[in-house]
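The next block holds one structure in the form of structure tokens; read it before the comments.
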Amino acid sequence: MTDLRHRMKALADQVRLHRHRYYVLDQPLISDAEYDALERELRDLEAAHPGLADPNSPTLRVGAPPVEAFEKRRHALPMLSLDNAYSEAELRDWEAKWRRLAPEAEPRYAAELKVDGLSLSLIYRDRRLVEAITRGDGETGELVTENARTIADVPLVLPAEAPDRLEVRGEVFLSRKRWEELNRQRDVKGEPRFANPRNAASGTLKLLDSREVAARALSFLPWQTLWHEGPGEDQVRAMARLGTWGFGVMPAHGEGDLEAVLAFIARQAEARLRLPFDTDGVVLKLLDPGLQQRLGATDRVPRWAIAFKFPATQVTTTVLGITWQVGRSGKLTPVAELEAVEVAGSTVRRATLHNADELARLGLRVGHRVFIEKGGEVIPKVVALVPGEETRDLPTPVIPEVCPECSGEVGKTEDGEVAIRCLNPECPAKLAARLQHFGGRAALDIEGMGEALAEQLVASGRIEQPWEVFGLLQEPLRALAFLSGLERMAEKSAQNLLEALEAARTKPLSRWIHALGIPMVGARTAELLAEAYPSLEALWAADENRLQAVEEVGPKVAAALRAFVAVHPELPGRLAGWGVHPEPPAPRDLAALPLSGEVVVVTGTLPSLSREEAETLLKRLGAKVTGSISPRTSILLAGEKAGSKLAKAEALGIPVRDEAWLRAFEG
Ligand code: AMP
Ligand code: ZN
């Protein structure tokens, strides 16, 4: 007999250990099959020897076979709701109200976090968990005992000092981390996401198969004890005692008069956001249990407690439309047009959907009811569909094929980027951003050309291209009148701006090239181009192949530059007409570079450098890089699988070098 008892105890310990490794630490030590064998042996022994079964056995935590439906149970005392307050004034009103009923009583409170989950009543008889009942309609709930047993923070057995009859009420919830994990699993399985941890906890507690509940790892925090005999301890002491009996304790609580509670609320407004689970308020409870009993309850809420609610950050509303906004970089962002709704103290009519992928992931359609959330960021976002909405027959939203601003082509630019962009570099939606770049520090550095001015210039409709601001210099008096008429532009700053423009006319050519916003031409490339071409006119006249002889200019950059020139052939002339004469850089002694005069062809796969990197390096060393072997080729840089070019070079007697040779120049 004792052997059997030992064996069962050892099995129970092992099952507990492995469940912890698996569900909590996510570091299993044994295979699922080995675990199942241990658990099965324990279950079989428990079934064969019910007298020996430990009421705290871990088999009770892993869930029992599914049930058809939950039984209904009446609550001994109704599970009420809580009155709400949304401001300090409402709390003071509530205090004044109960004090009229008990003028002599001392106003001392317990303040607890309001956990955003579902309430659950746990019934203990002779210190054993016998029933767990959901709130239901407050009078009658559902019997979910098997599910509750799987919750690690629900003690199945209480110590000897606990009373024979005890009811503990508290909140069942899911941590944000578990909720996110759960949603990831559901994404994989193609199942709809849970909008928030609360929904996930609620769905979980009502699963008919408690083994599934066990895997979801719910949590429980108590917020009330019902002793069913005598008034019991005050709220703070009662919760502390539950802690010593194996229940969890709230991560923060307060105690004192209303001023102390208000200070607690102020601290929690921020602190609660760092907790691993959601909270939506602070519950104030009169500390004295005798006073609680005297005040009693209305048919809906107790008079001795009230919930101070933090402004809601998540609400539901209906999607009235989906529009696409073109950002300053040309990025197209889908925006949900919403039925107006209050969130965290402001009215929300629009929410971002981030990008087309997100739209698809949400499965969002016009007409859907959705959860929206206003977090730390200013723009609210759509979190998920309200459950059940996904089955409605609504048309799939259309992803735009052309830019809503300019009807230009739309597509993805960088590899792997999910956003779609307007590919038209001249899109008016991009003009303000281009103008800011034009006058920005790295470009022409025009004092006073900030975001506000850029936006007003665009709105005025006076310019279609950034450089057209220099046209203002043609008629300085009219320009002054125009600029002074803009918002936050005194005549003095208008004057300063015109002077800054005048001075910018002879800024270095490299800054000018960079300022124009030619696709793929950054500051460094602009410098190299300015060294190779002494003026904008010369650059405009450069031929595409010759351009590629410039260091860091490959076929893509050369093509982008030529395309830009083709769209703006008149640009250098117009600028000259406005008195713009960029200053060319002092000539650099190109002949001093180690590979100047060499004409190099690159072929095959190099051990570590990509083709582009090798070409950049060669150009920086002064070499000219060309695409095919000719009698003028002086060096062939060859890697593996070098094919016909290698044969041709050898036939022509051209020296063949490898990457190591090139790298040696780097010192
Ligand atoms: P409400 O559902 O908004 O009326 O709020 C009442 C519910 O808040 C209760 O039924 C409990 O489920 C829940 N609750 C969460 N935390 C607490 C707490 N510390 N004290 C009392 N109720 C709480
Ligand atoms: Zn566009």
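In each ligand, atom 1 is the first atom listed, and ligand 1 is the first ligand listed. Sequential numbering from 1 along the given sequence is applied to the chain's residues. The basis for the numbers below is simple: all heavy atoms, side chains too, and nothing from hydrogens, waters or symmetry mates. Remember, it's a predicted structure, so these values are computed and weren't measured experimentally.
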Applying the side chain to side chain contact (heavy atoms under 4.5 Å, CB included) criterion to R216, which one of T150, N147, I151, L207 satisfies it?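 Passing option: L207.
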
Please test Q235 against E112 for side chain to side chain donor-acceptor pair (under 3.5 Å), starting from the C-alpha separation and ending with a verdict. CA-CA 10 Å; Q235 176 67 14; E112 287 168 0; 2.5 Å; yes

For E95, which residues count as a salt bridge (charged side-chain N to carboxylate O under 4.0 Å, His left out) partner, sequence neighbours excluded?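 With neighbours one apart ignored, the set is empty.
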
Picking from W304, Y109, F308, what satisfies ring-ring contact (aromatic ring centres under 6.0 Å, His included) with W94?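 That would be Y109; it is the only one of W304, Y109, F308 passing the ring-ring contact (aromatic ring centres under 6.0 Å, His included) with W94.
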
For T323, what residues pass the side chain to side chain contact (heavy atoms under 4.5 Å, CB included) criterion, not counting sequence neighbours?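 Only V335, E337, R350 meet the side chain to side chain contact (heavy atoms under 4.5 Å, CB included) criterion with T323.
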
Might you work through the side-chain contact (heavy atoms from CB on, under 4.5 Å) test for E426 and E464, ending with a clear yes or no? CA-CA 9 Å; E426 314 280 320; E464 282 172 10; over 6 Å; no

Distance (rounded to the nearest 0.5 Å) between L364 CG and E358 CD: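 One finds 9.5 Å between CG of L364 and CD of E358.
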
Leaving out waters, which are not shown anyway, how many protein N, O or S atoms lie closer than 2.8 Å to the Zn ion (ligand 2)?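 N, O or S atoms of the protein closer than 2.8 Å: 4.
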
For residues F277 and R178, determine if any side-chain heavy atom of one lies less than 4.5 Å from a side-chain heavy atom of the other.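 No, too far: nothing below the 4.5 Å cut-off.
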
Evaluate salt bridge (charged side-chain N to carboxylate O under 4.0 Å, His left out) for K430 paired with E405, printing each intermediate quantity in order. CA-CA 10 Å; K430 300 177 184 174; E405 292 281 336; over 6 Å; no

Taking non-hydrogen atoms within less than 4.0 Å of ligand 1, which protein residues qualify?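 The answer is L80, S81, L82, E112, L113, K114, V115, S119, R135, E171, W223, M250, V283, K285, K309, counting any residue whose heavy atom sits under 4.0 Å from ligand 1.
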
